[in-house]
Undergrad: 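Could you have a look at this structure, given as structure tokens, before my questions?
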2 protein chains.
Amino acid sequence: MSSSRPRRDFPNAEHDHSHCAAHALGQADLICEARGVRLTEIRRRVLEVIWDSHVPIGAYDILAKLNAGGGRSAPMAVYRALDFLIENGLVHRIDSRNAFFGCSHPEEPHRAQFLICNVCSAVAELDSEALHETVRRTARTKGFRVENVVIEASGRCPNCARKSAP
Amino acid sequence: MSSSRPRRDFPNAEHDHSHCAAHALGQADLICEARGVRLTEIRRRVLEVIWDSHVPIGAYDILAKLNAGGGRSAPMAVYRALDFLIENGLVHRIDSRNAFFGCSHPEEPHRAQFLICNVCSAVAELDSEALHETVRRTARTKGFRVENVVIEASGRCPNCARKSAP
DNA sequence: TGCGAAATGTGATATTATAACATACTAAGG
DNA sequence: CCTTAGTATGTTATAATATCACATTTCGCA
């Protein structure tokens with residue numbers, strides 16, 4: 001009832017992002033291998049595009065990036081890849097933005113909450129079981145049986161908060 | 001740091017819904033009057049349609065109901081009315097469903113969280129400042145300054161939970 | 001009454017997502 | 001190897017959600 005277990009903070013501007021992306025792709029390979037599911041070409045490319053940054057990206061922006069090199073994929077291809085990636089915990093959907101971004105610790109299933117910067121759009125993922133449990137418990141007092149919880153906070157990330165009114 | 005202040009629970013099937021709706025409309029009149037804003041014809045009709053039930057309704061479904069009697073309104077009219085109603089706290093938007101529903105206690109501004117039944121779609125509004133504060137505080141530990149919080153839990157409402165696996 | 005702001009009308013279009021059906025690929029058993 | 005059943009992808013169309021831009025009307029008030 002107390003463990004707030006953050007796994008990834010807001011990255012600073014100078015971090016080596018290619019490392020994040022490479023690591024995520026490597027993890028995805030391992031996870032899919034372990035689970036006996038296939039990280040096919042298009043699924044992998046969608047995941048790569050998503051990991052181009054720490055900013056959530058819309059399905060049609062993913063599509064545009066896929067097709068930037070002359071590709072001819074259709075929206076369905078992207079949505080199907082996203083379905084797969086989400087189902088396997090490799091990607092999260094941000095409901096309040098209709099956008100997608102890469103899960104930073106997909107190796108185990110988890111309840112995630114999101115912090116979304118209104119200035120730079122960066123997202124950090126919390127993983128507070130306590131928070132989740134608090135919602136569940138509060139709901140329970142109304143006789144409501146929780147199956148899924150969406151928690152998305154928007155505001156200023158540390159980097160952007162520093163630059164504006166402190 | 002402890003007050004969970006629920007204002008409306010899940011209504012049971014037999015409740016006199018015309019009362020809910022009438023009360024909400026009356027409240028809306030009073031609130032707009034007090035604030036010096038205008039609850040115009042179309043805004044009022046949109047609010048009425050929303051209060052036809054305790055189930056969140058999509059913008060185009062609102063439009064269809066408005067036009068059911070031979071009306072000729074366009075989507076913009078509905079979205080503009082919704083903007084007004086949301087801005088004035090009379091209606092909430094459920095991000096995870098792209099749908100709207102009537103606020104049950106609009107007389108004062110508040111942070112709301114939602115419980116959404118996956119079976120019957122009924123929504124109950126929590127108003128737990130504690131929950132909101134927990135999110136804010138947790139975010140703060142990451143240096144994140146919260147401006148807005150979305151909390152939407154889906155699951156089984158008491159009525160539907162009773163009918164299925166107990 | 002007439003002015004300026006607010007509200008609404010109108011038509012086009014942007015954005016997000018899914019349906020339906022055809023084709024191609026893959027893995028596993030015979 | 002070959003078939004085959006299931007999985008994945010291609011393709012076209014369309015549904016569902018939301019906004020832009022500009023014209024017109026209405027309202028409160030000087």
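Everything numeric here is computed off the predicted structure, so don't read it as measured data. Every chain is numbered from 1, with letters handed out A, B, ... down the list of sequences. Every heavy atom of this structure was used, including side-chain atoms; hydrogens, water molecules and symmetry mates were not.
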Undergrad: What's A:R93 touching, base or sugar-phosphate or nothing? Going by heavy atoms closer than 4.0 Å.
TA: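 If one applies the 4.0 Å heavy-atom cut-off, A:R93 turns out to touch the sugar-phosphate alone, with no base involved.
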Undergrad: Between atom CD in A:E41 and atom P in C:dT26, what is the gap in whole Å?
TA: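 These atoms are roughly 11 Å apart.
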Undergrad: Without decimals, in angstroms, what is the distance between B:R45 CZ and C:dA7 C1'?
TA: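 Spelled out: CZ on B:R45 to C1' on C:dA7 is 15 Å.
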Undergrad: Name the residue closer to the 5' end of DNA chain C, choosing between B:V37 and A:P75 according to the nucleotide with the nearest heavy atom.
TA: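 Taking each residue's closest nucleotide, the earlier one in sequence belongs to B:V37.
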Undergrad: Calculate the interatomic distance between B:I94 atom CD1 and D:dA18 atom P; express it in whole Å.
TA: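 From B:I94 CD1 to D:dA18 P: 13 Å.
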Undergrad: Rounded to whole Å, how long is the line connecting atom CZ of B:R44 with atom P of C:dA7?
TA: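 In whole Å, C:dA7 P and B:R44 CZ are 17 Å from each other.
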Undergrad: Using atom CG of B:L63 as one end and atom C1' of D:dA18 as the other, report the distance to the nearest whole Å.
TA: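 Those two atoms, CG and C1', are 12 Å apart.
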Undergrad: Without decimals, in angstroms, what is the distance between A:R97 CZ and D:dT17 C1'?
TA: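 Going from CZ in A:R97 over to C1' in D:dT17 covers 18 Å.
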Undergrad: Is the base of D:dT17 stacked against the aromatic ring of B:Y60, taking ring centres under 5.5 Å apart and planes under 30° as the test?
TA: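 Taking the rule of under 5.5 Å and under 30°, the ring of B:Y60 does stack on D:dT17.
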Undergrad: Got a sec: does the CD of B:E147 have more than 12 other heavy atoms crowding it under 6.0 Å?
TA: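 Atom CD in B:E147 is crowded, with more than 12 foreign heavy atoms closer than 6.0 Å.
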Undergrad: Mind calculating the distance between CD1 (B:I42) and C1' (C:dT10) to the nearest angstrom?
TA: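 Rounded to the whole Å, the gap is 13 Å.
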Undergrad: Kindly say if A:Y79 contacts the phosphate of C:dA17, meaning a side-chain N or O under 4.0 Å from OP1 or OP2.
TA: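 Looking at the OP1 and OP2 atoms of C:dA17, one of them is under 4.0 Å from a side-chain N or O of A:Y79.
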Undergrad: For A:F101 together with A:H54, are the ring centres under 6.0 Å from each other?
TA: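 So the answer is no for these two rings.
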Undergrad: Between C:dA6, D:dA18, D:dT9, which nucleotide gets closest to the side-chain atoms of B:R38?
TA: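 The closest nucleotide is C:dA6.
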Undergrad: Count I, L, V, M, F, W, Y as connected when their side-chain heavy atoms are under 4.5 Å apart, and connections chain through other members. Are B:I151 and A:F144 then in the same cluster?
TA: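 Linked within one cluster.
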Undergrad: Side-chain N or O of B:R43 less than 4.0 angstrom from OP1 or OP2 on C:dT8?
TA: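 Yes, within the criterion.
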Undergrad: Looking at B:T40, does any N or O in its side chain come under 4.0 Å of the phosphate oxygens OP1/OP2 on C:dT8?
TA: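 So the side-chain polar atoms of B:T40 do come within 4.0 Å of the phosphate oxygens OP1 or OP2 of C:dT8, strictly under.
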Undergrad: Pairs of donor and acceptor atoms involving the side chains of residues 64-75 of chain B, under 3.5 Å and at least two apart or interchain, shall be tabulated with distances.
TA:
{"from": "B:K65", "atom 1": "NZ", "to": "B:D52", "atom 2": "OD2", "distance (Å)": "3.2"}
{"from": "B:N67", "atom 1": "OD1", "to": "B:R72", "atom 2": "N", "distance (Å)": "3.3"}
{"from": "B:N67", "atom 1": "OD1", "to": "B:S73", "atom 2": "N", "distance (Å)": "2.9"}
{"from": "B:N67", "atom 1": "ND2", "to": "B:S73", "atom 2": "O", "distance (Å)": "3.1"}

Undergrad: Between C1' on D:dT17 and CG on B:L82, what's the gap in Å once rounded to a whole number?
TA: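 One finds 12 Å between C1' of D:dT17 and CG of B:L82, rounded.
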Undergrad: Does B:N98 have a side-chain nitrogen or oxygen under 4.0 Å from the phosphate oxygens OP1 or OP2 of C:dT16?
TA: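 No, outside the criterion.
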Undergrad: Is it the case that one hydrophobic cluster holds both A:F84 and A:L30, taking links as side-chain heavy atoms less than 4.5 Å apart, direct or via other members?
TA: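 Cluster IDs for A:F84 and A:L30 differ.
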Undergrad: If you look at every strand shown and take non-hydrogen atoms under 4.0 Å, does B:R80 touch a base, only sugar-phosphate, or nothing?
TA: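 The answer is base, as B:R80 lies within the cut-off (heavy atoms under 4.0 Å) of a base atom.
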